[in-house]
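Only one structure is covered here, and it is reproduced in the block below.
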There are 2 protein chains.
Amino acid sequence: MKAARYAVIIAGGKGTRFWPLSRASRPKQILKIASRKSLIRETFDRIAPLTGRKNALVVTVKDHAGAVRKELAGLPTANFIVEPEGKNTAPCIGLAAVELARRDPGSIMCVLPADHWISNINSFRRTLEAGMQLAERSDVLVTIGVKPGYPETGYGYILKGKSLEQNLMVNAYKVKGFKEKPALRQAARLLRSGALWNSGIFIWNTTTILALLERFNPAIYQGLLKIQSRGGVKNPSLLRREYARMPNISIDHAVLEKAGSAGKVVTLEADFGWSDVGSWTSLHQLLPRDAQGNAGLGRRLLIDTKDSLVYSENRLVVLLGVKNTLVVDSPDAILVADLKRSQQIRDVVAELERKGHRRYLA
Amino acid sequence: MKAARYAVIIAGGKGTRFWPLSRASRPKQILKIASRKSLIRETFDRIAPLTGRKNALVVTVKDHAGAVRKELAGLPTANFIVEPEGKNTAPCIGLAAVELARRDPGSIMCVLPADHWISNINSFRRTLEAGMQLAERSDVLVTIGVKPGYPETGYGYILKGKSLEQNLMVNAYKVKGFKEKPALRQAARLLRSGALWNSGIFIWNTTTILALLERFNPAIYQGLLKIQSRGGVKNPSLLRREYARMPNISIDHAVLEKAGSAGKVVTLEADFGWSDVGSWTSLHQLLPRDAQGNAGLGRRLLIDTKDSLVYSENRLVVLLGVKNTLVVDSPDAILVADLKRSQQIRDVVAELERKGHRRYLA
């Protein structure tokens with residue numbers, strides 16, 4: 001019998017870097033910044049043909065549950081798992097795994113961050129299909145490694161080992177190891193050695209990941225087992241208590257690094273145009289641009305303007321004689337920034353907090 | 001008996017250069033751009049102590065009459081003269097003169113553009129008081145000449161002649177001649193020779209200006225006489241017909257230049273900080289600026305920002321890492337421009353017209 005396939009969409013991010021569009025109540029994943037659809041809706045629509053439209057679990061936090069449910073209207077309420085508190089990916093993915101093991105033992109789970117962007121959807125689906133087939137016939141953990149475009153220091157890297165000859169339509173490798181956020185020189189070295197960016201997309205059998213969690217991080221596994229045996233996510237007070245005790249650790253540190261050393265991790269080399277949409281600057285890079293390098297969404301008029309990014313929800317935005325400029329319009333606030341300094345938007349958010357202007361952050 | 005004094009406020013300007021704040025229905029003079037009061041309200045409040053708050057006539061055009069009346073609520077309705085069509089200053093000032101001659105013969109009229117800015121109000125009042133006293137005791141035309149700060153090519157210049165020894169508390173001169181919008185080299189020469197910018201502020205006896213209009217421009221004078229003798233501004237169909245026939249000519253060309261040659265024009269040298277508020281750029285120059293050279297009105301947060309101008313009517317405007325930038329927020333449109341290129345806003349307006357986006361201009 002063929003195993004059932006599930007998408008597990010991780011939707012916990014805050015995304016203050018997309019202020020003024022992103023707010024405490026409007027996290028990045030529900031924003032329509034890369035297309036006319038929200039990032040989470042794009043993520044769901046991208047994977048659904050491979051899993052079926054009902055086979056998706058969404059893990060989110062209380063503050064965003066309403067907004068996230070609204071974006072994925074049509075998905076049964078029972079498919080949304082609300083974390084009692086925001087934790088790193090190991091508890092979060094573990095929670096989804098025990099829930100899936102209860103509903104559909106031996107199923108394949110495909111873990112997807114809700115707020116990333118993929119340019120080439122066909123290539124994405126080919127790669128994910130290959131990953132699922134691999135996870136269906138073996139007990140490996142499948143990671144998706146992205147061919148790096150430059151020596152980014154903010155990402156994790158996957159070190160490729162021996163090539164797998166699996167006739168999968170994509171290049172597959174044993175994973176030799178992982179390297180989290182390297183310094184610039186090391187990132188350059190990793191790039192030259194053929195290492196891949198860790199996309200945060202993982203595919204495995206539910207049974208496999210739980211067995212490896214038990215082996216490599218018994219603390220999390222025991223907590224998950226207690227939750228599962230006593231009502232699962234439907235026992236909120238137990239869930240809250242057990243969740244609070246779990247270490248705040250990523251699935252990479254909790255399982256993947258150790259499983260990699262044990263020869264249990266594989267990576268598929270992806271070339272489908274991936275971005276974690278980490279800032280307005282990276283968004284400018286991935287969007288279609290006109291001949292002058294301008295991109296954006298909404299009503300706008302650009303005169304003598306170059307390499308700029310404009311977002312307008314309602315109003316007409318006119319740019320005259322500017323370059324490298326980011327303009328974002330929202331109902332109560334407007335941001336005009338040097339596009340290269342969009343990382344500094346966290347300073348804006350901090351300053352608004354310091355000055356007590358909470359209403360622009362809510 | 002001391003002659004009555006009247007302010008005649010000329011409020012016909014359009015000011016598309018202040019888009020998106022200025023619109024067809026919101027001309028520059030009613031905008032609150034230099035202070036919390038509109039320019040026309042500032043103009044009225046500045047002169048009122050010298051004339052009395054009821055002694056003001058406002059000449060405007062039909063499209064702006066409602067907005068202008070609202071800004072000067074408190075002034076009797078009869079004090080607003082609505083031109084049947086926009087004409088240059090000779091017909092406009094002539095119309096006010098015959099109206100004043102009918103209401104209060106022999107009165108002093110002080111002509112003031114509605115949309116200029118004066119920094120030093122006390123100095124302004126001292127100068128205007130001197131001008132009125134001069135017009136009360138002689139039949140000269142008094143002009144206010146502004147000490148030029150630089151060789152502006154867009155203004156008219158007043159050429160000073162012999163100094164008047166009138167003990168007026170301000171420097172007064174016979175006017176030798178006028179020079180309209182000189183080329184740059186000539187402007188520089190005028191500057192060196194002590195010529196003054198023509199502020200467009202004039203003071204004279206109603207009887208004097210009408211006599212000189214009769215002498216130097218009988219066409220306008222005859223039209224005005226016909227209007228006056230047959231109901232004045234209260235006979236709109238006659239007014240429309242006669243007004244349409246009048247030459248579209250400035251008071252400078254129609255009267256002042258010729259009266260100057262006849263030795264009938266005087267200028268008072270003003271040093272009260274004058275601006276015709278011709279563009280956002282000139283507004284940035286006249287507003288108080290912070291240590292980084294930033295100015296503006298409304299709620300704003302500036303981080304690493306220099307030499308910029310921000311106008312917000314309602315929303316919070318945040319600038320991050322920009323310089324020489326103009327940001328103007330309005331209910332339906334936002335402008336972000338190189339502050340040095342604010343003259344080009346007319347291109348924006350033209351482009352919106354061309355694209356049929358009239359609703360952003362109305």
Side-chain angles (χ1 to χ4, degrees), chain A residues 17 19-20 279-281 296 298-306 308-361, chain B residues 17 19-20 279-281 296 298-306 308-361:
Chain A
R17 279 173 293 183
W19 188 91
S279 67
W280 290 112
T281 316
R299 200 181 293 268
R300 56 203 190 277
L301 171 64
L302 310 187
I303 298 176
D304 287 343
T305 290
K306 286 197 302 190
S308 293
L309 177 61
V310 177
Y311 271 77
S312 171
E313 295 195 314
N314 279 299
R315 274 172 288 275
L316 170 69
V317 177
V318 176
L319 268 60
L320 168 66
V322 300
K323 57 184 176 180
N324 295 314
T325 300
L326 165 68
V327 180
V328 186
D329 176 42
S330 80
D332 61 352
I334 298 157
L335 173 70
V336 177
D338 180 346
L339 184 52
K340 293 189 204 111
R341 294 172 69 172
S342 70
Q343 293 285 356
Q344 258 184 284
I345 288 168
R346 57 171 71 112
D347 297 349
V348 172
V349 171
E351 185 69 7
L352 289 173
E353 229 156 40
R354 204 183 60 76
K355 290 195 168 170
H357 293 325
R358 289 280 164 83
R359 67 181 174 115
Y360 297 112
L361 305 172
Chain B
R17 279 172 293 182
W19 189 90
S279 66
W280 288 111
T281 316
R299 200 181 293 267
R300 55 203 190 278
L301 171 64
L302 310 186
I303 298 177
D304 286 343
T305 290
K306 285 197 302 190
S308 293
L309 178 61
V310 177
Y311 272 76
S312 172
E313 294 195 315
N314 279 299
R315 274 173 288 276
L316 170 70
V317 177
V318 175
L319 268 60
L320 168 66
V322 301
K323 57 184 177 181
N324 296 313
T325 301
L326 166 68
V327 180
V328 186
D329 176 43
S330 80
D332 61 351
I334 298 157
L335 173 69
V336 177
D338 179 347
L339 184 54
K340 293 189 205 110
R341 294 171 70 171
S342 70
Q343 293 284 355
Q344 259 184 285
I345 288 169
R346 58 172 69 112
D347 297 349
V348 172
V349 171
E351 185 69 7
L352 290 173
E353 228 156 41
R354 203 183 61 76
K355 292 197 168 170
H357 294 324
R358 290 280 164 82
R359 67 180 172 114
Y360 297 113
L361 305 172

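A, B, ... follow the sequence lines: proteins, then strands. Residue 1 opens every chain. What's counted below: heavy atoms across the whole structure, side chains too, no hydrogens, waters or symmetry copies.
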At what distance, to the nearest 0.5 angstrom, does CZ of R359(B) lie from NE2 of H357(B)? 8.0 Å
For residues 320-329 of chain B, the side chain to side chain donor-acceptor pair (under 3.5 Å) pairs (sequence neighbours left out) are R315(B)-D329(B)
Would you say the ring centers of Y311(A) and W280(A) fall short of 6.0 Å from each other? yes
Please tell me if the side chains of E313(B) and P331(B) come closer than 4.5 Å, counting only heavy atoms from C-beta onward.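 Result yes, sub-4.5 Å side-chain heavy-atom pair found.
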Pick whichever of [options] has the most heavy-atom pairs under 4.5 Å with chain B.
options: V327(A), V322(A), L320(A); value: L320(A)
options: G321(A), P20(A), S312(A); value: G321(A)
options: K340(A), R300(A), Q344(A); value: Q344(A)
options: V328(A), V310(A), I334(A); value: I334(A)
options: D347(A), L316(A), D338(A), V348(A); value: L316(A)

For chain B, which residues of residues 349-356 of chain A have heavy atoms nearer than 4.5 angstrom: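 When heavy atoms of chain B are the reference, residues 349-356 of chain A contributes E351(A), L352(A), K355(A) within the under-4.5 Å range.
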Looking at every non-hydrogen atom in both residues, tell me the closest pair between W19(B) and L361(B) and how far apart they are.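 Distance-wise, the nearest heavy atoms are NE1-CD2, 3.8 Å.
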Please identify, among L335(B), D332(B), L319(B), the residue contributing the most non-hydrogen atom pairs under 4.5 Å to chain A.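 If we count pairs closer than 4.5 Å to chain A, D332(B) comes out on top.
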With chain A, which of D304(B), T305(B), L326(B) has the greatest number of heavy-atom pairs at distances under 4.5 Å?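 The candidate making the most pairs under 4.5 Å is D304(B).
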